[in-house]
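Have a look at the structure below, then the notes.
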There are 2 protein chains.
Amino acid sequence: MPNDIFSALADPTRRRILDMLADIEELPASQIHEQFQVSPQAISKHLKILLEAKLIIVEKRAQQRMYRINTSTMLAFEDWSRNMRQRWSRRLDTFEAVMKAEMAKAATTPTDPEES
Amino acid sequence: MPNDIFSALADPTRRRILDMLADIEELPASQIHEQFQVSPQAISKHLKILLEAKLIIVEKRAQQRMYRINTSTMLAFEDWSRNMRQRWSRRLDTFEAVMKAEMAKAATTPTDPEES
DNA sequence: CTCATATTAAACCATTTTGTTTATAAAGTA
DNA sequence: TACTTTATAAACAAAATGGTTTAATATGAG
């Protein structure tokens with residue numbers, strides 16, 4: 001996973017932009033800007049960063065630029081977090097299985113100082 | 001989702017630390033440090049940031065601090081990305097359904113200039 | 001007690017980030 | 001053509017980030 005995807009997601013304004021685009025299909029920069037206190041230039045920069053991370057895509061339409069979410073990058077990102085979880089949960093399952101086996105063994109041969 | 005989780009994940013060194021802890025159950029700071037070029041102090045700072053984001057947990061053991069992944073935060077993070085995807089995919093499904101309905105309608109009443 | 005090991009804290013510095021302001025560009029409208 | 005709208009680019013300042021070096025702290029070993 002490229003670093004710029006994570007860096008792009010590190011900013012709360014950019015996450016709010018993605019939030020909007022998760023629900024609204026497509027939005028021009030001006031309409032995105034309406035939801036924030038900062039200047040339109042600041043929003044334009046955020047959009048540029050999201051574009052470079054390929055988290056969104058643009059389409060020119062007259063003077064406007066219509067932005068929408070880039071589903072393939074979002075899917076790749078979801079894969080990353082699922083893969084992470086699979087790795088530690090598999091490991092914990094194994095640990096749990098070992099523990100259960102130990103417990104079972106302990107049950108059949110209860111604590112016995114004379115053993116062996 | 002707290003911002004410090006995303007900020008913590010924005011650094012490649014910190015993601016590599018999480019990668020290690022996804023596979024290895026628990027590790028002392030020194031052993032984590034071995035995998036990197038930077039100073040132990042730099043790694044200590046990264047661990048502090050991961051701790052503050054609750055992405056990892058520590059346990060003091062003699063002079064060492066054993067670090068492990070915090071599964072609940074990791075699960076919350078996975079939920080965030082899944083929730084994101086569910087929102088845009090539901091929307092796209094609806095869009096697709098509408099398109100199909102339009103297509104079906106077009107098929108039953110083929111292009112016909114005389115129509116109503 | 002003294003020394004070595006493991007780790008964090010504090011001060012400091014270079015770089016990056018995020019916002020602002022000013023300027024520029026492209027497209028529709030009177 | 002001149003004007004307005006929509007948006008980006010460029011220059012700049014303040015704040016945050018990530019690393020280093022120098023101390024400081026805690027714990028086990030001799």
Side-chain angles (χ1 to χ4, degrees), chain A residues 1-21 24-70 73 77, chain B residues 1-21 24-70 73 77:
Chain A
M1 284 281 288
N3 182 249
D4 57 355
I5 294 179
F6 288 95
S7 310
L9 291 171
D11 182 272
T13 299
R14 290 193 289 266
R15 285 200 304 282
R16 271 186 60 201
I17 292 174
L18 286 178
D19 261 331
M20 293 171 70
L21 294 174
I24 294 185
E25 177 66 13
E26 64 172 23
L27 287 169
S30 54
Q31 216 164 313
I32 292 171
H33 166 244
E34 284 173 8
Q35 304 298 313
F36 298 89
Q37 298 293 344
V38 298
S39 66
Q41 291 90 332
I43 296 299
S44 180
K45 276 204 215 174
H46 283 304
L47 290 169
K48 190 183 182 184
I49 290 167
L50 287 169
L51 270 176
E52 283 165 354
K54 297 188 170 57
L55 280 162
I56 59 175
I57 52 183
V58 229
E59 185 193 331
K60 282 189 74 169
R61 195 173 306 167
Q63 315 102 302
Q64 295 188 324
R65 314 284 163 98
M66 301 304 290
Y67 288 94
R68 54 180 72 199
I69 215 160
N70 185 344
T73 303
F77 183 73
Chain B
M1 284 282 287
N3 182 251
D4 57 356
I5 295 180
F6 289 94
S7 310
L9 291 171
D11 183 89
T13 299
R14 291 194 289 267
R15 285 202 303 281
R16 270 187 60 200
I17 292 174
L18 286 177
D19 260 332
M20 294 172 69
L21 294 173
I24 296 185
E25 177 66 13
E26 64 173 22
L27 287 170
S30 54
Q31 217 164 312
I32 292 170
H33 166 243
E34 284 173 8
Q35 303 299 312
F36 298 88
Q37 298 292 346
V38 298
S39 65
Q41 290 92 331
I43 296 298
S44 179
K45 274 206 218 173
H46 283 304
L47 290 169
K48 190 182 182 185
I49 290 167
L50 288 170
L51 270 176
E52 284 166 352
K54 296 189 169 59
L55 281 162
I56 59 174
I57 52 183
V58 230
E59 185 194 330
K60 282 188 74 169
R61 195 174 305 169
Q63 315 102 302
Q64 295 188 325
R65 315 286 162 97
M66 301 302 291
Y67 288 93
R68 56 179 72 199
I69 214 159
N70 185 343
T73 303
F77 183 73

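Keep in mind that what you see is a predicted model, and the values were worked out from it rather than measured. These values consider heavy atoms only, across backbone and side chains, with no hydrogens, waters or symmetry-generated copies. Letters A, B, ... are given to chains in the order of the sequence lines, protein chains preceding strands, and every chain is numbered from 1.
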With ring centroids as reference points, do F6(B) and F6(A) lie under 6.0 angstrom apart?
-> no
Atom-pair distance (CD on E26(A); P on dT6(D)), nearest Å | 16 Å
Give the rounded distance in Å between these two atoms: CD of E34(A) and P of dT5(D).
-> 14 Å
Do N3(B) side-chain atoms and A10(A) backbone N/O form a donor-acceptor pair below 3.5 Å?
-> yes
How would you label the contact of F36(B) with the nucleic acid (heavy atoms, under 4.0 Å): base, sugar-phosphate, or nothing?
-> nothing
Describe the nucleic acid contact of R14(A) in one word from base, sugar-phosphate, nothing, applying a heavy-atom distance below 4.0 Å.
-> sugar-phosphate
To the nearest Å, give me how far apart CG (L27(B)) and P (dA6(C)) are.
-> 14 Å
Record whether the side chain of Q63(A) comes under 3.5 Å of the base of dT4(D) through a donor-acceptor pair of N or O atoms.
-> no
Nearest-nucleotide wise, let me know which of A42(A) and A62(A) is further upstream toward the 5' end of DNA chain C.
-> A42(A)
Rounded to whole Å, CG of D11(A) lies from P of dT16(C) at a distance of 18 Å
Which nucleotide in dG19(C), dT7(C), dT8(D) has an atom nearest any side-chain atom of Q64(B) | dT7(C)
Please state how far atom CD1 in I49(B) lies from atom C1' in dG18(D), giving the value in whole angstrom units.
-> 8 Å
Gap between atoms NZ and C1', on K48(B) and dG19(D) respectively (whole Å) | 15 Å
Within less than 4.0 Å of OP1 or OP2 of dT7(C), is there a side-chain N or O belonging to K60(B)?
-> no
Would you tell me if any nitrogen or oxygen in the side chain of K45(B) comes within less than 4.0 Å of OP1 or OP2 on dA9(C)?
-> no
Is there a donor-acceptor contact under 3.5 Å from the side chain of N70(B) to the main chain of K54(B)?
-> yes
Main-chain N/O of L9(A) paired with R14(A) side-chain donor or acceptor, under 3.5 Å = no
Rounded interatomic separation in angstrom, taking CG from L50(A) and P from dT8(D) | 12 Å
Can you check whether S39(A) has a side-chain N or O nearer than 4.0 Å to OP1 or OP2 of dT20(C)?
-> yes
Whether H46(A) side chain and I17(A) backbone form a donor-acceptor pair below 3.5 Å = no
Atom-to-atom span, CD of Q37(A) to P of dT18(C) - whole angstrom | 18 Å
Quick one: is dA7(D) close enough that its OP1 or OP2 comes under 4.0 Å of any side-chain N or O from S30(A)?
-> yes
Reckon Y67(B) has a side-chain N or O less than 4.0 Å from the OP1 or OP2 of dT8(C)?
-> yes
Phosphate OP1/OP2 of dG19(D) contacted by H46(B) side-chain N/O (<4.0 Å) | yes
